[in-house]
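Single-structure report; data block below.
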Number of protein chains: 2
Amino acid sequence: MSKDETTEQKILEAAKRVFQKKGMGGARMQEIADEAGINKALLHYYFRNKEQLFEGIYKESFRKIFPQFNEILATDEPMEKKMATLVNNYIDMLLENPQLPSFVIYEMNREPRNFLDFIQSNEVRPKFDILVNLLEEEAKKGKIKPIPAFHIVINMIAMCVFPFAAAPMIKGIAGIDDITFNKMMEERKEIVTQFILKAIEP
Amino acid sequence: MSKDETTEQKILEAAKRVFQKKGMGGARMQEIADEAGINKALLHYYFRNKEQLFEGIYKESFRKIFPQFNEILATDEPMEKKMATLVNNYIDMLLENPQLPSFVIYEMNREPRNFLDFIQSNEVRPKFDILVNLLEEEAKKGKIKPIPAFHIVINMIAMCVFPFAAAPMIKGIAGIDDITFNKMMEERKEIVTQFILKAIEP
DNA sequence: GTCTATAACAGGATAGAC
DNA sequence: GTCTATCCTGTTATAGAC
């Protein structure tokens with residue numbers, strides 16, 4: 001943590017770590033203050049209350065976890081290449097933010113209303129339909145199997161995201177450490193891409 | 001809720017609902033008492049404390065979420081049939097316990113040590129290795145593609161479990177209600193099975 | 001902006017009557 | 001077994017000095 005960060009930045013980083021690990025309910029303002037190297041009062045000086053601090057972190061998580069397919073899909077690469085890039089980028093993002101899946105899954109289930117309000121704001125609305133449309137077109141052209149496109153998208157996201165959400169289980173059962181786990185996830189980029197492309201071959 | 005349930009049963013059912021939705025940290029003894037139609041004091045009469053009540057619910061969840069592959073895999077059906085049965089049974093269980101994935105994912109990330117202790121007790125230890133072994137044998141025989149078997153198993157579980165963990169997102173984005181969601185998950189039994197079998201064809 | 005001290009409250013747990 | 005009332009600890013939030 002560099003020393004010339006502003007206090008606000010330090011707070012936000014600390015809050016991110018603590019909230020992502022413990023969730024809104026389990027997080028403690030004291031712990032966030034400690035992590036940021038300040039005290040509780042100053043925390044409240046910057047963010048009136050816990051709720052407000054949480055909202056910021058929560059929204060930021062959406063921006064990352066909902067892939068913005070637009071740029072990738074706008075290229076004129078063939079579908080196979082686009083799919084590979086999507087999987088690669090998504091797994092890369094998750095390697096950098098491994099706590100994101102469990103955090104968002106917990107919060108969206110704990111307070112679905114809150115969650116739904118967020119994703120209806122234009123700012124963080126996920127745009128799966130672009131990918132769904134692409135797949136449907138490919139199916140019409142007979143270039144892929146006519147599986148309902150929505151399920152293909154869910155499968156792709158599931159295979160990318162789930163291992164991170166269930167990381168403690170995978171590490172525990174396979175008996176591997178963090179470094180080996182990360183290597184495994186690197187491997188998955190290629191494996192998941194091939195798995196999907198093979199599955200949707202006509 | 002039938003009226004001749006014992007109080008203990010009512011408590012356990014209420015606790016299950018509340019804990020699965022809110023987790024250990026977010027759950028309130030008051031809320032569990034309300035759901036069970038009793039008061040807090042009586043809750044403590046039956047279960048000394050929150051921790052103890054929680055542990056029971058948590059362990060029970062493992063028993064359900066870790067498929068005991070043994071019986072299914074012990075049959076002499078062909079591999080394709082076994083895979084189909086696994087996916088069917090797993091999705092059926094999840095349709096009956098839709099909150100299970102998000103609950104277990106949250107708790108295993110919140111307190112990994114606790115989680116690891118549990119799955120090392122023989123009672124709830126998952127037995128993925130049986131399926132891994134089967135797939136490796138099939139690969140040796142050249143009957144399936146030589147993809148690392150561990151990844152195939154993760155993919156299978158991911159495609160079954162993830163949609164339930166991320167249900168609020170799927171419902172919100174697709175704009176569907178619970179009934180439509182459940183129908184979609186029924187659909188997935190066949191779709192996921194075919195998706196996997198196609199993907200691992202030699 | 002940052003701190004110490006403290007108010008205000010929520011939530012788990014217990015005492016004791018019935 | 002079940003209730004009401006209460007205690008006690010931990011946590012959020014604020015007041016006020018520097």
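Just so we're on the same page: letters track the sequence lines, and every chain starts at 1. Values reported hereafter were calculated over all heavy atoms of this structure, with side chains retained and with hydrogens, waters and symmetry mates removed.
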So, [X] and [Y], do they make that salt bridge, N to O below 4.0 Å?
X        : Y        : value
A:Glu137 : A:Lys143 : no
A:Asp92  : A:Lys189 : yes
B:Lys16  : B:Glu13  : no
B:Glu186 : B:Lys183 : no
B:Lys64  : B:Glu60  : yes

Using whole Å, what does the distance between atom [atom2] of nucleotide [N] and atom [atom1] of [X] come to?
X       : N      : atom1 : atom2 : result
A:Leu43 : D:dT11 : CG    : C1'   : 13 Å
A:Phe54 : D:dT12 : CZ    : C1'   : 16 Å
A:Ile38 : C:dT4  : CD1   : P     : 12 Å
A:Asp34 : D:dT12 : CG    : P     : 12 Å
A:Asn39 : C:dC3  : CG    : C1'   : 6 Å
A:Leu42 : C:dA5  : CG    : C1'   : 16 Å

Show the nearest heavy-atom pair for residues B:Arg48 and B:His44, with the distance to one decimal.
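The answer is O-CD2, 3.2 Å.
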Phosphate-side-chain proximity, A:Thr7 and C:dT2, N/O vs OP1/OP2 below 4.0 Å:
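Yes, within the criterion.
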Identify the pairs formed between an N or O of the protein and an N or O of nucleotides 12-18 of chain C at a distance under 3.5 Å, and give each distance.
unit_1, atom_1, unit_2, atom_2, d
C:dG12, OP1, B:Lys50, NZ, 3.1
C:dG12, OP2, B:Met29, N, 3.1
C:dG12, N7, B:Lys40, NZ, 3.1
C:dA13, OP2, B:His44, NE2, 3.2
C:dA13, OP2, B:Lys50, N, 2.9

